[in-house]
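All remarks here apply to the structure that follows.
Convention: sequence-line order gives letters A, B, ...; per-chain numbering from 1.
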Number of protein chains: 2
Amino acid sequence: MTKDDTFYSTEFLPYLLNQAAEAASLGFRQYYKERYGMLRTEWRVLFHLGQFGEMTAKEICDRANIHKTKISRAVAALEKKRFIARRTMENDRRLEELFLTKSGKQVLEDLQRRAKAFDQSLMEQLGEENARSLKRNLAILAGLKAD
Amino acid sequence: MTKDDTFYSTEFLPYLLNQAAEAASLGFRQYYKERYGMLRTEWRVLFHLGQFGEMTAKEICDRANIHKTKISRAVAALEKKRFIARRTMENDRRLEELFLTKSGKQVLEDLQRRAKAFDQSLMEQLGEENARSLKRNLAILAGLKAD
DNA sequence: GCGTATTAGTTGAAAATGTAACTAACAACA
DNA sequence: TGTTGTTAGTTACATTTTCAACTAATACGC
């Protein structure tokens with residue numbers, strides 16, 4: 001009778017992923033929270049706007065895989081902070097094009113620079129080769145196209 | 001003027017980790033939620049009890065890196081479902097030793113078997129070699145000792 | 001022993017999230 | 001045009017999480 005089919009939590013991929021995600025986000029999350037009073041979804045919306053230029057809430061939902069209510073609230077919060085603004089689209093008045101304001105751009109610039117550095121420091125913890133492989137694997141699991 | 005220091009969200013490790021963690025937990029979370037009405041923290045508490053045997057809430061907090069209020073509520077919920085029970089410790093009456101009930105053991109057995117299979121299917125998505133390397137890297141980021 | 005500090009765990013209120021129902025605008029088509 | 005269906009986005013409400021204050025028990029210094 002083989003009693004050694006013990007399955008440890010640290011072998012369970014979802015658990016590991018969550019722990020690692022928690023640990024890895026901590027530092028950065030703290031920064032944008034304390035500095036700009038932003039929530040994670042807000043940071044993501046900002047990031048996406050910076051990356052893809054003006055886009056609608058729906059497009060962000062799809063790209064970032066975040067539910068529309070979360071996006072809706074994040075957009076409202078960012079608007080209140082005057083980091084973004086919106087413009088109803090002429091051809092389809094259900095859609096609103098979101099865009100960064102001047103101060104939004106400044107904030108994003110700061111956050112991106114820090115994100116980059118933060119990422120860099122995480123990668124160094126793992127080593128170039130490992131880090132690259134890690135990202136590739138994560139992209140697969142996340143269902144993103146591999147680069 | 002080099003304008004191509006664009007930093008993409010999919011290059012940002014915390015973002016990737018979160019996306020992957022989300023995607024990877026989804027299927028399993030759905031199962032224990034629908035089947036046993038359990039929340040993630042409850043499943044983790046159960047898992048830890050199965051793994052380490054009787055232990056106190058504090059010990060679970062430390063091991064799993066979960067805040068004590070979350071654990072406290074998870075423990076209360078599991079107790080209500082009669083999956084675990086507690087026993088105040090003789091030598092220090094602030095501490096309560098948690099242990100699985102009979103039905104708790106059954107539930108855990110089911111969940112562990114499924115977790116194992118679920119894990120297996122995720123690993124297959126990546127291939128043996130990749131999966132192994134992924135887990136190693138995650139353990140490092142999570143601050144767990146590598147195995 | 002007595003006062004103060006810590007520690008395990010709980011609780012209540014506030015913040016955030018998830019879910020489902022809603023509004024407004026468009027589309028399709030008789 | 002009018003009916004029906006779909007889509008973008010918001011809102012309301014229930015559940016979950018977070019944060020801070022709390023209780024009860026122990027530990028420490030004297």
Side-chain angles (χ1 to χ4, degrees), chain A residues 18-19 21-22 25-26 29-30 32-34 36-46 48-49 52 54-81 84-99, chain B residues 18-19 21-23 25-27 29-34 36-45 48-49 52 54-81 84-99:
Chain A
N18 265 299
Q19 294 286 89
E22 257 336 280
S25 328
L26 192 65
R29 186 144 93 234
Q30 216 160 333
Y32 60 63
K33 178 171 186 180
E34 276 165 21
Y36 300 111
M38 282 171 57
L39 256 27
R40 183 156 60 192
T41 310
E42 294 170 47
W43 148 241
R44 287 207 192 165
V45 167
L46 226 55
H48 273 81
L49 281 176
F52 299 106
E54 320 201 337
M55 60 198 303
T56 71
K58 180 56 165 44
E59 287 169 323
I60 302 181
C61 288
D62 294 344
R63 286 219 178 258
N65 232 302
I66 302 177
H67 196 269
K68 59 183 182 171
T69 63
K70 244 169 137 179
I71 295 287
S72 173
R73 294 198 257 244
V75 164
L78 288 169
E79 202 182 18
K80 197 161 152 192
K81 295 187 185 82
I84 68 173
R86 37 184 146 190
R87 169 170 53 229
T88 304
M89 288 181 76
E90 284 306 317
N91 53 328
D92 185 341
R93 304 210 342 284
R94 287 171 302 183
L95 303 178
E96 303 187 303
E97 197 146 47
L98 305 171
F99 57 93
Chain B
N18 266 299
Q19 295 284 88
E22 259 335 281
S25 327
L26 192 64
R29 187 145 91 234
Q30 217 159 334
Y31 180 74
Y32 60 63
K33 177 167 189 187
E34 275 164 22
Y36 300 112
M38 281 170 58
L39 255 27
R40 181 154 60 193
T41 310
E42 294 171 48
W43 147 242
R44 288 208 190 165
V45 167
H48 273 79
L49 281 177
F52 299 106
E54 321 200 336
M55 61 197 304
T56 70
K58 180 56 164 46
E59 286 169 323
I60 301 180
C61 288
D62 295 344
R63 285 220 179 255
N65 233 303
I66 303 177
H67 195 269
K68 59 183 181 170
T69 63
K70 244 170 134 179
I71 295 287
S72 173
R73 282 168 168 139
V75 165
L78 288 169
E79 204 182 15
K80 197 161 154 194
K81 296 187 185 80
I84 68 173
R86 38 183 145 191
R87 171 169 52 231
T88 305
M89 288 181 79
E90 284 304 318
N91 55 327
D92 185 341
R93 304 208 345 280
R94 285 171 303 184
L95 303 179
E96 301 186 305
E97 197 146 47
L98 304 171
F99 56 94

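Computed from coordinates, the Glu59(A) CD to dT7(D) P distance equals 15 Å when rounded to whole Å. Per the geometry, NZ belonging to Lys33(B) stands 11 Å off C1' belonging to dA14(D), to the nearest Å. For the pair Lys80(B) NZ and dT15(D) P, the computed distance is 11 Å after rounding to whole Å. Look at CG on Leu98(A): it is 13 Å from P on dA8(D), rounded to the nearest Å. The NZ-C1' distance, from Lys70(A) to dT10(D), rounds to 17 Å in whole Å. One can place CD1 of Ile66(B) at 15 Å from P of dT16(D), the figure rounded to the nearest angstrom. If you take NZ of Lys68(B) and P of dT10(C), they are 10 Å apart, rounded to a whole angstrom. Following rounding to the nearest Å, Ile71(B) (CD1) and dT7(C) (C1') show an atom-to-atom distance of 16 Å.
When all heavy atoms are compared, the tightest approach of Ser25(B) to Arg40(B) is OG-NH1, 4.0 Å.
OP1 or OP2 of dG9(C) has not a single side-chain nitrogen or oxygen of Ser72(B) nearer than 4.0 Å. In terms of phosphate contacts, Arg93(A) brings a side-chain nitrogen or oxygen within less than 4.0 Å of OP1 or OP2 of dC26(C). The phosphate of dT26(D) has neither OP1 nor OP2 within less than 4.0 Å of any side-chain N or O from Arg94(B).
A residue-by-residue look at Glu96(A) and Glu90(B) shows that Glu96(A) has its nearest nucleotide of DNA chain D further toward the 5' end. Residues Leu39(A) and Asn91(A) both approach DNA chain C. Their nearest nucleotides, taken by heavy-atom distance, put Leu39(A) toward the 5′ side.
The nucleotide whose nearest atom lies closest to any side-chain atom of Thr69(B) is, among dT17(D), dA8(D), dT10(C), dT10(C). Side-chain proximity of Lys58(A) to the nucleotides dT10(C), dA8(D), dT17(C) is greatest for dA8(D). Checking dT10(D), dA25(D), dG9(C) against the side-chain heavy atoms of Asp92(B) singles out dA25(D) as nearest.
Glu42(A) and Lys33(A) are not joined by a salt bridge, as no carboxylate oxygen comes within less than 4.0 angstrom of a charged side-chain nitrogen.
Residue-level contact check: His67(B) touches neither bases nor backbone, having no heavy atom under 4.0 Å from any strand. Using a 4.0 Å heavy-atom distance criterion, Thr56(B) is classed as a sugar-phosphate-only contact. Within 4.0 Å of Arg86(A), counting heavy atoms only, lie sugar-phosphate atoms of the nucleic acid but no base atom.
A donor-acceptor contact under 3.5 Å links the side chain of Arg73(B) to the base of dG12(C).
Rounded to the nearest 0.5 angstrom, Leu95(A) CG and Thr88(A) OG1 are separated by 9.0 Å. Taking CZ from Arg44(A) and NZ from Lys70(A), the interatomic distance works out to 7.0 Å, rounded to the nearest 0.5 Å.
Within 6.0 Å of CZ on Arg86(B) lie more than 12 heavy atoms contributed by other residues, nucleotides or ligands.
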